[in-house]
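Working notes, beginning with the structure itself.
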There are 2 protein chains.
Amino acid sequence: MDHDLLVTLKALSDASRLRIVGLLAARPAAVEELAENLALAPGTVVHHLKRLSAAGLVESRPRRPYVEYALKVDRLHQVGRMLDQMERGSEQEAHLPGPSGEPLPAFEAKVLRSFFEGGRLVSIPAHEKKRLVVLEYLRDRCFSEDQVYAEKQVNECLALYHADVASLRRYMVDAGLMTRNAGKYRRPTLSVPMPG
Amino acid sequence: MDHDLLVTLKALSDASRLRIVGLLAARPAAVEELAENLALAPGTVVHHLKRLSAAGLVESRPRRPYVEYALKVDRLHQVGRMLDQMERGSEQEAHLPGPSGEPLPAFEAKVLRSFFEGGRLVSIPAHEKKRLVVLEYLRDRCFSEDQVYAEKQVNECLALYHADVASLRRYMVDAGLMTRNAGKYRRPTLSVPMPG
DNA sequence: GCGGTGATTTGACAGTCATCAAATCAGGAA
DNA sequence: TTCCTGATTTGATGACTGTCAAATCACCGC
């Protein structure tokens, strides 16, 4: 979620891409059309469109013999709203809501309240049971299922909550909350820790 | 205006700076405080704060013995609104409104209508009188007085309207609409072209 | 099947920039 | 004045990325 915002802002923070968004705001267009308007090579335009697409700002559809790229205005509005609410973000995080607002079990709520302050993790719990609560909470806030994360991305989101991202990463992997394969991280498909 | 949006988006499109914004959203803070939370060197934090400041997102105030940096929420909201309205941007430009909405003299209005299409300059007028109308219009939309622009910035804004930015730049300078000094561009302070 | 057109991918290059360590500055206290 | 603390500047380095030209792909009509 937070990570997506970053991706989207990065996508919008380039002159050429902003111009593309401006052009697509008027009407959908093909790659070559954009390339001509922007005085850029088609390959470059494709590169930009891919970034905008990864940010959910643009969608493509075959329109033989062209490919029609169109702006997804909803996403733009979403980003606008996110920025508007960013100032509230930290206050809300101070409430430490559960994944979908439902109340947390008492123990977990207590642990989270005592280890978080102003939306940030003040220290990593030494007791394994408490640590697990914190780690699981962070994992849910940072990573979605069925997505692969580079170590850099993992660090980026964890850093939102605590400076020592290396420890958090290691603990998560050790606890089986995240799996690491060839430098890539992901949530385990079905992690029911079975003893024996 | 458009240029400021780019600067601001660039400022927001970095993980560290987003985290800074998040921290400052909770409460104002000093450089070292931020540096510790982010696990970054103080110098690096200052660098980021300078960028955020240039984007108008942050302001600083001496708070001996510290320097207090605070978020300017208004600016954040402004950006959010700009993104919301970006989709309307091109439509509005299609109307080619004057600098502050007042009606343009008939001749200028006619020239602009015939040389612009969908908010873009379709070709540079060959006739000097018409060209001047177009150039002046573009200058007003791109550059404010009392500000110095690098050539790159000049190109960025002009490119929003026409691919051949080099010609536009040259014509503007030749016509005295912009002055160039040591690679830097600016609007002439008082440009009353006096013959002789 | 074969060309042709438009889209995409690839490899290389250049410019930008985040980051750090270390040097420097600024102002209060001793 | 001379320290001390915190902020800022500087220079260097490494990573990222926007850009292009050229190669490749995908699909259509012949």
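Order of the sequence lines sets the chain letters (A, B, ...), proteins ahead of strands, with each chain counted from 1.
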Quiz item: Reckon S16(A) has a side-chain N or O less than 4.0 Å from the OP1 or OP2 of dG18(D)?
Solution: no

Exercise. Could you tell me the separation between the CD1 atom of I20(B) and the C1' atom of dT19(C), rounded to a whole number of Å?
Key: 13 Å

Quiz item: Which of the following nucleotides, dG6(D), dG18(D), dC20(C), is nearest to the side chain of L40(B)?
Solution: dC20(C)

Exercise. Would you mind reading off the distance between H47(A) atom NE2 and dG11(C) atom P, rounded to a whole angstrom?
Key: 16 Å

Quiz item: How close or far is atom P of dA18(C) from atom CG of L18(B), stated in whole angstroms?
Solution: 12 Å

Quiz item: Looking at the side chain of V67(B), which of dC20(D), dT8(D), dT19(C) is the nearest nucleotide?
Solution: dT8(D)

Exercise. Provide, to the nearest angstrom, the distance between the CD atom belonging to E32(B) and the P atom belonging to dA7(D).
Key: 5 Å

Quiz item: Could you state the CD-P distance from E68(B) to dG6(D), rounded to the nearest angstrom?
Solution: 16 Å

Quiz item: Between I124(B) and R131(B), what is the shortest heavy-atom contact and its length?
Solution: CG2-CD, 3.8 Å

Quiz item: With nearest nucleotides of DNA chain C determined for P42(B) and A30(A) from heavy-atom distances, which residue corresponds to the more 5′ nucleotide?
Solution: A30(A)

Practice problem: Looking only at non-hydrogen atoms, find the nearest pair between L24(B) and Y69(B) and report the distance. | Solution: CD2-O, 3.4 Å

Quiz prompt | R51(B) side chain, from C-beta outward: closest of dA7(D), dC17(C), dA7(C) | solution = dC17(C)

Practice problem: Taking all non-hydrogen atoms of both residues into account, name the closest pair between D4(B) and R75(B) and its distance. | Solution: O-NH2, 3.8 Å

Self-check item: Whole angstrom value for the distance that separates P of dA15(D) from CG of D14(B)
Solution: 17 Å

Practice problem: Among the candidates dA18(C), dT8(C), dA7(D), find the nucleotide nearest to the side-chain atoms of Y69(A). | Solution: dT8(C)

Quiz item: What nucleic acid atoms does V46(A) come within less than 4.0 Å of, heavy atoms only: base, sugar-phosphate, or nothing?
Solution: base

Quiz item: Nearest to the side chain of V31(B) - dC20(D), dA18(C), dA7(D)?
Solution: dA7(D)

Quiz item: Do any N or O atoms from the side chain of S53(B) and from the backbone of K50(B) form a donor-acceptor pair under 3.5 angstrom?
Solution: no

Quiz item: What is the distance from CG of L49(B) to C1' of dG6(D), rounded to the nearest Å?
Solution: 14 Å

Exercise. Kindly say if K10(A) contacts the phosphate of dT17(D), meaning a side-chain N or O under 4.0 Å from OP1 or OP2.
Key: no

Quiz item: Below 4.0 angstrom from OP1 or OP2 of dT17(D), is there any side-chain N or O of H48(A)?
Solution: no

Practice problem: Considering non-hydrogen atoms only, spot the tightest contact between L49(B) and V58(B) and give its length. | Solution: O-CG1, 4.3 Å

Quiz item: Please give, in whole Å, the distance from dA18(C) P to R19(B) CZ?
Solution: 14 Å

Exercise. Could you check whether R63(A) gets within reach of a base, just the sugar-phosphate, or nothing at all, counting any heavy atom under 4.0 Å?
Key: nothing

